[in-house]
Structures are given as structure tokens and as C-alpha cells.
J.: 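This is the structure I have questions about; it appears just below.
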Amino acid sequence: MTRFSRRGARTGIAAALAAVLIAAAVLLPWHGARPPSAPGTAVAAVARVPAHYVGAAACAGCHAAQTSAWQNSHHAQAMQPATAQTVLGRFDNSRISDNGVTSTLLRKGEGYFARTDGADGKLADFELKYTFGVYPLQQYLVPFADGRMQALPLAWDARPAAQGGQRWLHLYVGQHIDHLDPLHWTRLNQNWNFMCADCHSTDLRRNYDGQQDRYATTWSDLAVGCESCHGPGSDHLVWASHAAGSARFDQGKGLAIALDERRGVQWLHDAASGNSSRSAPLASHREVETCAVCHARRRSISTDAGPTGALLDTHDPALLDAGLYFPDGQQQDEVYIYGSFLQSKMYAQGVSCGDCHDAHSLKLRAPGNALCAQCHAPAKYDSTAHHLHQPGSAGAQCVACHMPTRTYMQVDQRRDHSMRVPRPDLSLQYGVPNACTGCHRDRDARWAAAAIEKAHGPRRQGYQHFAGALAAARDGAPGALDQLLALAEDGSSPDIARATAVAALGQYPGARTLVALRGAAAHADPLLRAAALEALLPFPPALRAPLALSLARDPLLDVRVKAGRALAAVPDEQIPPEQRPLRDRLFAEYVAAETATAERPESHLDLGSVYAQRGDTVRAEQEYRAALRLDPGFVPAYANFSDLYRSLGREDQAAAILDDGLRQVPGNPTLLHLSGLQRVRAGDGAAALDLLRRATAAAPDNPRFAYVYAVALHSAGQTEPAIAVLEHALRRSPYSPDLLSGAAAFERDAGHADRGAGYAARYAAVAP
């Protein structure tokens, strides 16, 4: 059985298209409604109008200094009408070419236009109504009649000319993206309403109409305004007015989110260590989690996705997943700071965003190393003995070693906020980047590791020491289970790393894993609770139910939604009668969560898979068809849809779905593979072998495809070619249990007992 799913927050679309889970339906939740009030929360006796958004202009009269600082910030310029005052690019008939298309940027009267390829692949003139971002790139948005706004791939490099800027660039240059590609600017994955709008505007309501497939998107402030961080301001205005009844808002001044965690706090220096500690422990993370609504790789789990001070009220944040982060936790894809910062010792010690950044101007609170000197004694840390560079040089900057940059969108350098000790020794072990050779490009990691060890000794390993466990889990290496269990229980490691280990334990469903999941489900950090529910999905329903029900009243929506997903297909007889209404409520929250992003095919994919597991074939078919209407090239929907028909014995329909998919996405390895399996079931061995061969050749890093092709060859009496396929695949995937078990069996069948025993031993090591 083949099922596709997704997890993570703001997970890359390419990864979502490629991720296939064979033999297990591990389909995860997101979205929903805001959680109920926590126990003990005071509720007014008289009903009143809920707080609503009032716009940044309503704040300016009393908060002039903050407004002035904000008006010059990137937040205030996150999105603006395209005017002569806001447009930075030169619309002077400039031309830029890529993939056979020459685009022209031009003016027509007061309007700004791009002449480029549209949804039909033909050149046309599109008016640009809004600027999007301001530095180091400015992009432009094109509105369409159905309420969509789409982001052009043609961006203005706003950096100074001396730095290579003041030019047009194509964001996908050389990637051969045509009008049929999901990344084409007119298509789903460049849609502003879903992909971008909530973090560039205030009180963004997408207002997607699934019946009409159109938007009526609204906002209170076009850019990132006061209420993007402080929440709806109407109650604060009532409090400030001293009007009748305003006294009820005196506690908290009517602010929806009290960003006061640093008020009255000092950082106390310790002369012995050269470091500082908070004068009072940080009791909550409202500030960090408010910023994380936009500065995190995450996905929305509610149509009302404004800040609440608790990120998991409204979003499902990504963990340290492959493709997003390197195994040591350094940023790889665009992860937007939060997941990196949670790994840092600074976060563990109570540092929050505002300790370093002014929330209104977005400027640093001090320049250069003086920022770090707020807490770290310069005599110890801003010295050649510590940083190994000449004072005042680029290499002597704290951020050069502890916050190296990674470049996105060709010119946008973003600093890694995990603030880690440079570990070139990990580069040698796991191939991860390191700050030393990031600057010293003429040297290698071995040289850098020796230099660090000579200066600081062999035991200077820093706060993040989980690379081995995550690397082993990604590779399926021997001992991975033991390492994951140890990390999951390691209270000295960052909780986000522990949660990542907990989620990865789903690869090893068994008694030891179940014990670890019970511990994670009781943890104070919601990331671990949510991860426990993800890892629970491969377990039988009877084992899922008790643990998921134990989190049914969790105060955070993300945890409850994942509990609803874990319980979705648990039969009634495995749930006590008095708890079945609770299961039904959780499932309703899960469905609402998926429906909250109904414009995305992934949501319908997940719902279809869950309905299939529940035996609701009609609803499953409806959801898969909805996914394919939104994106006719969405491979996971074809895969799961065909599998639904296969499970029902409707082989002709299963074959037709796969054929439709291959017409839309010719040569796709997943669809070739599944078509090959369908031909096996139909008894057409020759066609099956050809399709399975093509799938394996098209996806040489997929061990499952190679294994199935080898099994088909072996079944056809071609044992030696089957062994050759497995041996070739094992060079790429040396820890694949499928490949190792197949090689052990086929070598024995071929009379090679010693070689078979060797593969069997390797299999036992990776499949405990």
C-alpha cells in the first residue's frame, strides 16, 4: 500500500511533492479553531464585543515615537501600493531572459507593467499593483480577476551597485520553469494570498471560497502594523479613553498580547564566567512565539491565524527535519529563525527577540560586537585568544563564527540564529557546513578542526550535541533507535531537538518507542507532546487511542488536532463509550484544521487519506478529486487515489488514475513505479518490468523502487540481474532494510550462503 502525506510547517512544496511513504499511512494534521480558555481564566459576567483590529493609525496619536521608528522599518514597507514613491526597480523597458522567455519591465502612464509569459505560456502585459518587500530584494504582485495575487519571479536587487545590486534578476534562473510548472509565477505555489500575505499584512483574512475557487482577501493594514504583534487593539483603545466601563481593562491595559516579559528585568554579569544571567527567570515565551508567527517555518492550522502569544494556538511549526535543517541543526532551507533560535543556549537562558532587536525600528540594540557585550564580557570574548582573528577584522565579529549566513533568493543573506560553537569536526563526520571554511574557502574542514582544537581543546563541543542521533535517524543507520531514545530523554538538549528525535521514533514502532512516547506526551514543552502524537501513527489503533485521548484536552490547538488525527480511524470498540464524543470533537477539530487551507491540494490529500482509513470511500474520492482540480499535476493525489481503488478491487479505475497522472506528469518515477505494480497485479509481467525499471532509473536514490524492481526481476527468474540492482542501490542507500533483506534472500537463492549471511547481519543491525 502506498500513501502520501505531509508534515512540518511551511514545508517546501518540492518536498511535499516528492515525499512518499510506502507501506504505512502516516498522515498528519494541522489547522482548526482557537482553543478554549485555560482553566481558571476569568470570564466576564456580561457578554461584550470581542476585541477587533483598529489599524495602525489609531495607535499613532499616543505612541508617536514608536510609530516614527516603525514607519521607517521593513515591517512598514513589507507591502505597499506600487507608486513612484515605493517602486525601487527601473521600469525603463529593461529586459531579462530565462528559459527562452524574454521579459520586459515597462511603464504605461502612471502604471508599472511586466511583459512576460502568462498562464498559457504566451507573452502578455501584466500590471503590477503592489510592491512586496524592500531589501535586499523588492518583488511585485499582479492581481487577477478571481481575487488572487501572484508574485512575479522578476525581482529588483535593491542592494547598492557596489555590492552587485541595482539590477533586475530572475529568482529561478536556470531552473527551466515554464508555464506548466507548479513554481511558475501564475500557479499555485506563487500565490500571494496563501503563501505570503499573512506575514506581510495585518489581520489578513484569505476568505477563500472553495466552491468558486476564488478569494476575497482583506486586511486591516496593508503592511505589518502594530496589531501584527500586539493583537487586536480595540480593547486597548477603550482602556486608553478612560470611558465608562474601561476600568475592566486596567489589568493588562486591554492589550490582547502583553509583550512585557522583559519589563524590569536586568542581565546580571558574572565576573568568573564572563557571562550574564536574567535577574528573574523567564516565565513564558510570549514575545518569541509572537514573532514566530511569521519568523518560523510553519503552517497555519486556523483561518484566524493572528498572534495569540502561543504559536501552537494557530500554527504547526516545523521540527529539525531533513531538507530544512542539516543534521546538526544549522539552517539549510528557508526556515525563518524560530527553529534555529530554539536550539540556542541564549533561548535556554531566557533571551528573547527584544533583547537584541528593537521591535519597532527592527534595528539592533547596539552595533557589532557591542550587541553581544551586553551579556558577554569583552575582555574574555572579544579577544584574539577567543576568536583567533585580528581585532576589528571581519573574522573578529561574534556573528561571523556564531551566526554564519546562508544565502537565499540569490542575494538574501540570513544569519543562523542557533548561535552555535563552530564545529568543523562535524563537517568531517556528517558533511554539515561550518563557519570557518565558510570564510576560509581555500582551506578544508580538517584544517579548521585542527585549528579549533589547538586553540580551545578537544572538548569544546557547544550546546548543540545531537548531530549524531539525527544523522543516524535520517540514514537509518545501525544504532539509530538507541541514539534517538537517548536524545528524546536528554534534558540537557534543546527541546526542539528532542521533539525531532521523538517524531523520528515513528520509524521504529515497538515497546521501547511506546515508553518514550508516553514520556514525551507528558512533557511541559508542547513540541514534544505534538511530536509524540506524530510518532504514534504507525502503531495499531488500540495502542494509539489511550495516549491520544490523554492529550484530548491539551490547551494548545496543534496538539489537539494531532490527537484528533491519531484517533481518526480508531474503531468505536477500542474507545470507551464515555470518551467517544471526545474523540468525535477532536476529529472535528482535525477536519476544521485541514479545511482551513482548502485552497491547497495537500489539505484534500490528507483528508482523503483519513476518510479512506475510516472506510468513507465517497468522501475520500471527493477529496482526492478536489486535490487534482486544484493542481492537476499533484502526484501524491494520483498515488493515493489509485491506491484507494486498488484496496477496493477496482483495478481498472486504479490504472486509469495512474494513466491520467502520467499524462499530466510524464516520466514521474512515483507514477511509473505504481503503474508497474498495477501491471503486476494485472498479470502483464513484461510491461511491469519495463515500468519498474524506468522508475528505478528516474529515482536512483529511492531504495524502495530498486527493491520492488529487483523483486520483480527475481520473480521472473532473473536472479543475478536482481542482485545487481540491489547491489547498485545499496551503494546509495547502504542502510535500507528492504535492500538488505532482499539481497540476503536472493544471494541465498543463488547459492551464495556467505554473501547472504553478510547481508542478513547488516539487516539485523539496522532493523532492530
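We use all heavy atoms of the structure for the numbers below, so side chains are in, but hydrogens, waters and symmetry mates are not.
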J.: Can you name the one residue among Arg565, Arg529, Lys562, Arg544 that meets salt bridge (Lys or Arg N to Asp or Glu O under 4.0 Å) with Glu534?
T.: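 That would be Lys562; it is the only one of Arg565, Arg529, Lys562, Arg544 passing the salt bridge (Lys or Arg N to Asp or Glu O under 4.0 Å) with Glu534.
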J.: Identify each donor-acceptor pair in which a side-chain atom of residues 138-146 lies under 3.5 Å from a protein atom, sequence neighbours left out, and give them as a table.
T.:
from   : atom 1 : to     : atom 2 : distance (Å)
Gln138 : OE1    : Leu88  : N      : 2.8
Gln138 : OE1    : Tyr140 : OH     : 2.5
Gln138 : NE2    : Thr86  : O      : 3.0
Gln139 : NE2    : Leu152 : O      : 3.4
Tyr140 : OH     : Gly89  : N      : 3.1
Asp146 : OD1    : Arg148 : N      : 3.1
Asp146 : OD2    : Arg148 : NH1    : 2.8

J.: Does Tyr130 have any ring-ring contact (aromatic ring centres under 6.0 Å, His included) partners at least two apart in sequence or in another chain, and if so, which?
T.: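 For Tyr130, no residue satisfies ring-ring contact (aromatic ring centres under 6.0 Å, His included) once neighbours in sequence are set aside.
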J.: Got a sec, which residues hit side chain to side chain donor-acceptor pair (under 3.5 Å) with Arg420, two or more places apart in sequence or on another chain?
T.: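 Residues passing side chain to side chain donor-acceptor pair (under 3.5 Å) with Arg420: Gln343, Ser418.
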J.: Sequence neighbours left out, what passes ring-ring contact (aromatic ring centres under 6.0 Å, His included) with His285? Give chain and number order.
T.: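 Applying ring-ring contact (aromatic ring centres under 6.0 Å, His included) to His285 gives Tyr347.
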J.: Judged by modelled atom types alone, do Asn189 and Arg600 share a side-chain donor-acceptor pair under 3.5 Å?
T.: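 The criterion, which ignores hydrogens and geometry beyond distance, is satisfied for Arg600 and Asn189.
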J.: One thing to verify: whether Asp412 and Arg414 come together as a salt bridge, which I'm taking to mean a side-chain N less than 4.0 angstrom from a carboxylate O.
T.: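 Yes, this pair counts.
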J.: Could you pull out all residues at least two apart from Thr67 that satisfy side chain to side chain donor-acceptor pair (under 3.5 Å)?
T.: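 Per chain and number, Thr67 pairs via side chain to side chain donor-acceptor pair (under 3.5 Å) with no residue.
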J.: Suppose we screen for ring-ring contact (aromatic ring centres under 6.0 Å, His included). Which residues come up paired with Tyr53, at least two apart in sequence or across chains?
T.: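 Partners of Tyr53 under the ring-ring contact (aromatic ring centres under 6.0 Å, His included) test: none.
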J.: Going by distance alone, is a donor N or O of one side chain under 3.5 Å from an acceptor N or O of the other, for Asn191 and Gln150?
T.: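 Gln150 and Asn191 do have a side-chain donor-acceptor pair below 3.5 Å.
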J.: Is it the case that the side chains of Ser352 and Glu261 hold a donor-acceptor pair, with the cut-off being a distance below 3.5 Å and no angle test?
T.: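 Short answer, no.
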J.: Can a salt bridge be assigned to the pair Arg278 and Asp270 using a cut-off of 4.0 Å between side-chain N and carboxylate O?
T.: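 Salt bridge absent between Arg278 and Asp270.
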J.: Does either side chain, that of Glu599 or that of Tyr215, offer a donor lying less than 3.5 Å from an acceptor on the other one?
T.: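 Tyr215 and Glu599 do have a side-chain donor-acceptor pair below 3.5 Å.
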J.: So, Asp525 and Arg498, do they make that salt bridge, N to O below 4.0 Å?
T.: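 No salt bridge links Asp525 with Arg498.
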J.: Look at the rings of Trp239 and His236 and say which category their plane angle falls in: under 30° parallel, 30 to 60° tilted, over 60° perpendicular.
T.: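 Trp239 and His236: parallel rings.
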J.: Nearest heavy-atom pair of Cys294 and Asp198: which atoms, and what distance?
T.: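 Closest approach of Cys294 to Asp198, heavy atoms only: SG-O, 4.0 Å.
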